[in-house]
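Letters go in sequence order (proteins before strands), and every chain restarts at 1.
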2 protein chains.
Amino acid sequence: MRTDERIVRAMAELLRVQGYAATGVNQLASAAQAPTGSIYHHFRGGKREVAAAALRQTGAAYIRLLPLLLDEHDDLATGIEAAFAAAAADMRDTGWANMCPVGTVVGEVADTEPLLREAAAEVMEHWVAEGVRYLTGRGLPENEARDVTFALLTALQGAFTMARALRSTEPFLAAGRTVAAYVAALGPPARSAAVRGRSADRQ
Amino acid sequence: MRTDERIVRAMAELLRVQGYAATGVNQLASAAQAPTGSIYHHFRGGKREVAAAALRQTGAAYIRLLPLLLDEHDDLATGIEAAFAAAAADMRDTGWANMCPVGTVVGEVADTEPLLREAAAEVMEHWVAEGVRYLTGRGLPENEARDVTFALLTALQGAFTMARALRSTEPFLAAGRTVAAYVAALGPPARSAAVRGRSADRQ
DNA sequence: GTCTATAGCGGGATAGAC
DNA sequence: GTCTATCCCGCTATAGAC
């Protein structure tokens, strides 16, 4: 892997576990198996710029999971509940350490690091756009798709935080149940028709 | 106000805006209008101990808002939507700076500062217990009350994060709409009976 | 108890050899 | 482009005058 890629990946890992301020450049360098100077060679903006790149990369990877997880289930509500359960299992299996780095960094430095706040905002706008696109594709009207997208994203972010502190999967499972129930109550007939359409599109 | 109280309050403020790692002891001292040494006089555990006290104090204050906001409305779903709208307005009016310090600190140091993680866990356990107590008081069965409590808390935490990055009230408003709709779908007749009972209790 | 001065350390960033 | 040595600053924490 290229040096700059290793640096970005290492930063993403460290952000997930210990946040931005606590992550030192030297720690980052040794985690990336690169000398300190290489960081400034590849990223002239230093630590800030590496973190911004890590947020964009991680954010893009996260939202790719949405169709991967939800396409598995013909019923959208079932898929949502399963996605929360998967996130809960991952969190538990990694020792409650793997937060979403985007959320962590926003909490830390949204008001003190404009570059990072902007990167986080772009990532989240992308999440919302992709969520709406996916859910309208599964038959939800635009305004409902937007509400459900925000419901999913806020519940996930909050569940990461609560699960990490409580060391329990319950925040994920309970939040997943309620979002799924909300979606199920929206209008099952319209949605199953949409699912049929979606499956047809692929064949 | 006593010196130690000023210190705890200043720490809570700083945690909300810039997190734990970025908050220095000297900055804390000047914000509390106290000399550096006073911090170690009142809190022998230093910065860590001040932060733990700030989390407990803020956490207790936050959960007191729950009945204050929801008692205003006879219909529970309406009250929930209004509470999210109030949180959104507060966030906007403070320049998108006022996160929940408990969530921020968890993201930063849950795996590196055991004392703070434990303080956050205690605070959140208290939130859950109070949420369940309040909602069962308004007529929800225990298991539903627990799910709704987690739905409220995770959505709020996540909405703080997204609203701060996006500088938009939409995460709060959209999440509030969905949680309210979920509650409204649970069983309106049982709940309005409970509301009548609650009002009667007060007179 | 209140406050000042400072120790001791680790941070981010840089210069320059190779 | 890779790596080392080092600068300078700010941090936490403490010692000790008042």
Side-chain angles (χ1 to χ4, degrees), chain A residues 1-55 101 104-105 107-117 119, chain B residues 1-55 101 104-105 107-117 119:
Chain A
M1 204 189 303
R2 287 200 336 257
T3 302
D4 56 344
E5 287 172 345
R6 285 204 317 277
I7 292 170
V8 171
R9 265 172 203 260
M11 174 61 96
E13 278 298 306
L14 289 167
L15 289 180
R16 278 151 70 103
V17 176
Q18 59 182 34
Y20 178 77
T23 297
V25 175
N26 290 313
Q27 183 186 18
L28 174 63
S30 68
Q33 291 178 299
T36 308
S38 285
I39 293 179
Y40 293 91
H41 174 74
H42 293 285
F43 302 90
R44 239 185 294 167
K47 174 178 160 174
R48 233 187 307 265
E49 193 182 323
V50 178
L55 291 190
T104 315
V105 172
E108 269 187 272
V109 296
D111 291 302
T112 50
E113 294 279 355
L115 201 82
L116 295 183
R117 197 224 110 229
Chain B
M1 203 189 306
R2 288 203 331 259
T3 303
D4 56 343
E5 287 173 345
R6 286 204 317 278
I7 292 170
V8 172
R9 265 173 203 259
M11 175 60 97
E13 279 298 306
L14 290 166
L15 289 179
R16 277 150 70 102
V17 176
Q18 58 182 35
Y20 177 78
T23 297
V25 174
N26 289 312
Q27 183 186 19
L28 173 63
S30 69
Q33 292 180 301
T36 308
S38 285
I39 293 179
Y40 293 90
H41 174 72
H42 293 285
F43 302 90
R44 239 184 293 166
K47 174 178 160 174
R48 233 186 306 263
E49 193 182 323
V50 179
L55 291 190
T104 315
V105 172
E108 270 187 274
V109 296
D111 292 301
T112 49
E113 294 279 354
L115 200 82
L116 296 182
R117 197 225 110 227

Item checked: Over all atoms of both residues, closest heavy-atom pair of B/Pro101 and B/Ala12 -> CB-O, 4.3 Å
Checklist line | A/Lys47 (side chain) donor-acceptor with A/Leu28 (main chain) under 3.5 angstrom | finding: no
Check: In Å and rounded to the nearest 0.5 Å, what is the NE2 to CD1 distance from B/His42 to B/Ile7?
Finding: 5.5 Å
Item checked: Phosphate contact (C/dT14 OP1 or OP2) by A/Tyr40 side-chain N/O below 4.0 Å -> no
Next item on the list: Return the nearest nucleotide to the side chain of B/Val25; candidates are C/dG12, D/dT12, D/dC3.
Entry: D/dT12
Margin query: From C-beta outward on B/His42, which listed nucleotide comes closest to its side chain: C/dT2, D/dT2, D/dT12?
Written below: C/dT2
Next item on the list: Name the closest nucleotide to the B/Lys47 side chain, picking from C/dG12, D/dT2, D/dA13.
Entry: D/dA13
Check: How long is the line joining CZ of B/Arg2 and P of C/dT2, in whole Å?
Finding: 11 Å
Checklist line | Rounded interatomic separation in angstrom, taking NE2 from A/His41 and P from C/dG12 | finding: 20 Å
Next item on the list: Please state how far atom CZ in B/Phe43 lies from atom P in D/dT14, giving the value in whole angstrom units.
Entry: 16 Å
Check: Whole-Å distance between D/dC7 C1' and A/Asn26 CG?
Finding: 13 Å
Notebook entry, point to check: Do NZ/NE/NH1/NH2 and the carboxylate oxygens of B/Glu113 and B/Arg48 come within less than 4.0 Å?
Noted result: yes
Next item on the list: Calculate the interatomic distance between B/Gln33 atom CD and C/dT2 atom P; express it in whole Å.
Entry: 14 Å
Note to self: Rounding to an integer number of Å, can you tell me how far A/Leu28 CG sits from C/dG11 C1'?
What the structure shows: 13 Å
Check: Just how far, in rounded Å, is P of C/dC3 from CG of B/Asp4?
Finding: 14 Å
Notebook entry, point to check: Taking the side chain of B/Ser38 as heavy atoms from C-beta outward, which of C/dC3, C/dG12, D/dG1 is closest to it?
Noted result: C/dC3
Notebook entry, point to check: Which whole-number value in Å describes the distance from B/Ile39 CD1 to D/dT12 P?
Noted result: 9 Å
Next item on the list: Compare side-chain N and O positions of A/Thr36 against OP1 and OP2 of C/dG12 and report whether any pair is under 4.0 Å apart.
Entry: no
Next item on the list: For A/Gly24, answer base if it contacts any base atom (sugar-phosphate contacts may also be present), sugar-phosphate if it contacts only those atoms, and nothing otherwise; contact means non-hydrogen atoms under 4.0 Å.
Entry: sugar-phosphate
Notebook entry, point to check: Between the main-chain N or O of B/Ala34 and the side-chain N or O of B/Arg6, is there a donor-acceptor pair closer than 3.5 Å?
Noted result: no
